Amino acid sequence: MRKAQRRLWITLAAGVVLVGAAGLAMTAMRDAMVFFYSPAMVAENPPEPGQRVRVGGLVLDGSVERPARGGANFTITDGGGEIRINYDGSLPDLFREGQGIVAEGVFDPEGRFTADTVLAKHDENYMPPEVAAALRESGMWHEEAGDHSGYGGPDGYDAAETEQPS
Amino acid sequence: MIAELGRYLIALALLASLLQMFVAWRGAELGGRNAYARAGKAASEIAVLAAGVAMILLIASFLRSDFSIAYVAANSSIEKPFAYKIAASWGGHEGSMLLWCLILALFGYGLARSGPRDDGLRSRAVSFQGLLQTLFFGFLAFASNPFERVSPVPLQGAELNPILQDPLLVIHPPMLYVGYVGLSTAFAIAAAGLMQKTPGRILAAALRPWALGAWTALTAGIALGAFWAYYELGWGGWWFWDPVENASFMPWLLGAALIHSSIATEKRGAFPGWTVFLALLAYILSILGAFLVRSGVITSVHAFALDPERGVWILGMLGVSAVAGFLLFALRAGSLGEGDGFEPTSKEALIGANNLLLAATSGVVLIGTLYPMLLEMMGGATISVGAPYFNAAATPLLLIAALLMPLAPFLPWANGGLKNGVSQMRAALMLIPVAAVVIAFLFAGASPLAVIGGAIGVWAISGAVMDLGQFLPVAMARGQKLLVIGRVMAHAGVGFIALGAAADASRPPDQNVALAPGESVSIAGRELRLDGVSRADGPNYMADRARIVVDEGEGGVMSPERRFYAVANQTTREVALKSSIAGDLYVSVGEARLRSDGTTAFETRVAFHPLVWSLSLGAVFIVLGGALALTGRLRAHAPVVQRDRATKPAEAV
């Protein structure tokens, strides 16, 4: 085969694969993208009930209920609002009151949030970046709580996640 | 004293790496056989020695529980068992960075000792490796020093995250780093080749064994990590498309593309520019992975603690490596030459298609991983992109690649041979619909993608068997049997992984229930009864151990644990697994719940993962395949390369 012809073939094949991959990526992104809402954002402009979203904030002290059937109900806050979360799975081992967590799930029309995933990390020193940003926004962020330098900072690189395939 | 010596050694390694970069460069300018080149090698030896002794000192500080060192205080405690004190030295950011640097220096020495045979090319590669070492040793010395002192000295350490207290911590990170860092050799050789105007075929031959060794180690490291997530962490799965997993998957995909395209370049001169480009890009994506994991930009279950300063450093290293590599590429790619032509149904064409698909997959994964970050940086909404995106966008591309894979060995170089290849493989091809029907029947409710994936897995395995039957006799006659066996095993491994992943995606829903002693739950036709819970304390933790009876004793007994680590104030779960040909029964216990009738119920999670052995087997096959192919390759290039086996590429496997 001539060189020009081979070039054409390669370009064509690459074009087809790239266009296909880009198409796949764009469709998948549209369907799979999950927006993050802080409690303050929910209070102001709540997402559609049934739309899959992530929420995050600090677990309100004294708000955690652990029903005998398993699972847990708790409230998260960022100072600008509160979200009550129902979770049927088993909480991550690192879940604690006063700690920053992220939950993924849907709101029902009454504004209660049913989570199928709860992400909690490490110890009280760790803050998921989204939650830290939301807390800064609402003025609940204390720099000393976010100080991770030096001794006592969390330097292990792992944590727990409890994920429930829905 | 030890800490001061450690800091001194890191500074020494940094200086030696700088020296290595400059003198080896000069050595290459003068042809590569001279005192400068030898000095470059000597500098690489000093860097290895200094970094190696520093690593030993750090381990010694862990064994002595020297909490005057901040890093030790943050990651160990007096009660920690011996083996975990050693492993904890790479369990946190600074120590793992030291390990990274040590491996980087070892590869630098490996290149100096048994790198490319051409003296100029070798010396130049040693110099580029010196550049990469300088960047990372600088980062270690100035922004991540593991020997930093703390004052006042605490009496007790904060303890390593208990989740990391696992035998796999000993082996998973070092293996992963050999893979990540090993790709630096491909980068260094590729950049050196561009500088030296080395023809593409020679360059591909020079970098191929290094890329193969690194990629094999990366495969092993990723597989160990997946295994760890599955059996230890109680996450109930082996792959989550977590940003950090993606960070390791992208260089893996490009590495897989590279070891195939470099065959086509070496044998036929095809795609020389692409091969060199991949060699540069694979390592750059390794650094991108380090950035994602260590800068705190992402929410990930694996991420290290937040530290923007480190992030800036790593971005700087990423920038320097990328600019150096791609600028050279832009200026010099023309010197790589052009290969002979080939037909669209030749082996080259199929390797090209495989490369396109792997690179496209890598791009799709990159978009999904970085898009949320970029969107937020530009002031947009905070979003997350999870498994549904990657399953929908990456999996189809990988399946097409797996569909084409078994054909490639049957096609001739240069000439079209699709008809001949397909006819030779007719028997295996016919297995595809049969396997699809069987899988759809066995796994009721399996998604179409899972059925197709499983069928393609079966096709890949049978194709590999036919490959062995067809080509092993010829290869044995030519003394190339290891190369063929390696290829066959790796290709079959891909098939086993596709099959196992398809089966796992079709598993029955996991169950979360609260069980009191005497109560039971059933999954996948098995009944699990909680018999009771008793205390089972360990050296640095307290534990509750549940006794779970499967099928009233016929299926045996399972003993998951829930542990509490007092120093770290953390609970963890020890999963219990029961494996069979059909799959794994998987149980973990969580919190105790007091019911209103006074009984105590325990949160219990049960799952059934069909054909998990197929995933493990697939990973073992790919790693063994890579190792065999590398051994075969090094033997074929004996005697000059004979001594190579004693050094880095062999260790990398």
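In the text below, chain A, chain B and the rest are named by the order of the sequence lines, each starting its count at 1. Only a predicted model underlies this, so the values are computations on that prediction, with no experimental measurement involved.
Of the listed residues (Ala13(A), Gly71(A), Gly23(A)), the one with the most heavy-atom contacts under 4.5 Å to chain B is Gly71(A). Note on Ala14(A), Ala28(A), Ala32(A): by heavy-atom pairs under 4.5 Å with chain B, the leading option is Ala28(A).
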Would Val364(B) and Leu24(A) satisfy side-chain contact (heavy atoms from CB on, under 4.5 Å), going step by step from the backbone distance to the final call? CA-CA 9 Å; Val364(B) 159; Leu24(A) 265 175; 5.7 Å; no

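When the ring-ring contact (aromatic ring centres under 6.0 Å, His included) test is applied to Phe107(A), the partners found at least two apart in sequence or on another chain are Phe113(A). Taking the ring-ring contact (aromatic ring centres under 6.0 Å, His included) definition, one finds that Tyr84(B) meets it with nothing, sequence neighbours left out.
Residue contact with chain A, scored on non-hydrogen atoms closer than 4.5 Å, is absent for Phe390(B). Neither the backbone nor the side chain of Glu148(B) comes within contact range of chain A; no heavy atom of the residue lies under 4.5 Å from a heavy atom of that chain. Looking at Pro396(B), the atoms closer than 4.5 Å to chain A (heavy atoms on both sides) all sit in the side chain, from C-beta outward. Residue contact with chain A, scored on non-hydrogen atoms closer than 4.5 Å, involves the backbone and the side chain of Ile367(B) alike.
Atom CD1 of Ile10(A) sits about 11.5 Å away from atom CH2 of Trp274(B), to the nearest 0.5 Å. Phe36(A) CZ to Ile383(B) CD1: the interatomic distance, rounded to the nearest 0.5 Å, is 13.0 Å.
In terms of heavy-atom proximity, Tyr389(B) sits nearest to Met29(A) at CD1-N, 3.5 Å. For Ala25(A) against Ala393(B), the heavy-atom pair with the smallest separation is CA-CB, 4.0 Å.
Residues of residues 352-362 of chain B having a heavy atom under 4.5 Å from any heavy atom of chain A, listed by number: Leu356(B), Leu357(B), Ala360(B). The stretch residues 61-68 of chain A places Arg66(A), Pro67(A), Ala68(A) near chain B, each with some heavy atom under 4.5 Å from a heavy atom of that chain.
Annotation: Glu97(A), atom CD; neighbour count of heavy atoms from other residues, nucleotides and ligands within 6.0 Å is above 12. The neighbour count for Phe564(B) CZ, taken as heavy atoms of other residues, nucleotides or ligands under 6.0 Å away, is above 12. A 6.0 Å sphere centred on CZ of Arg112(A) holds no more than 12 heavy atoms belonging to other residues, nucleotides or ligands.
A 4.5 Å side-chain heavy-atom check between Tyr87(A) and Asn512(B) finds every atom pair outside the cut-off.
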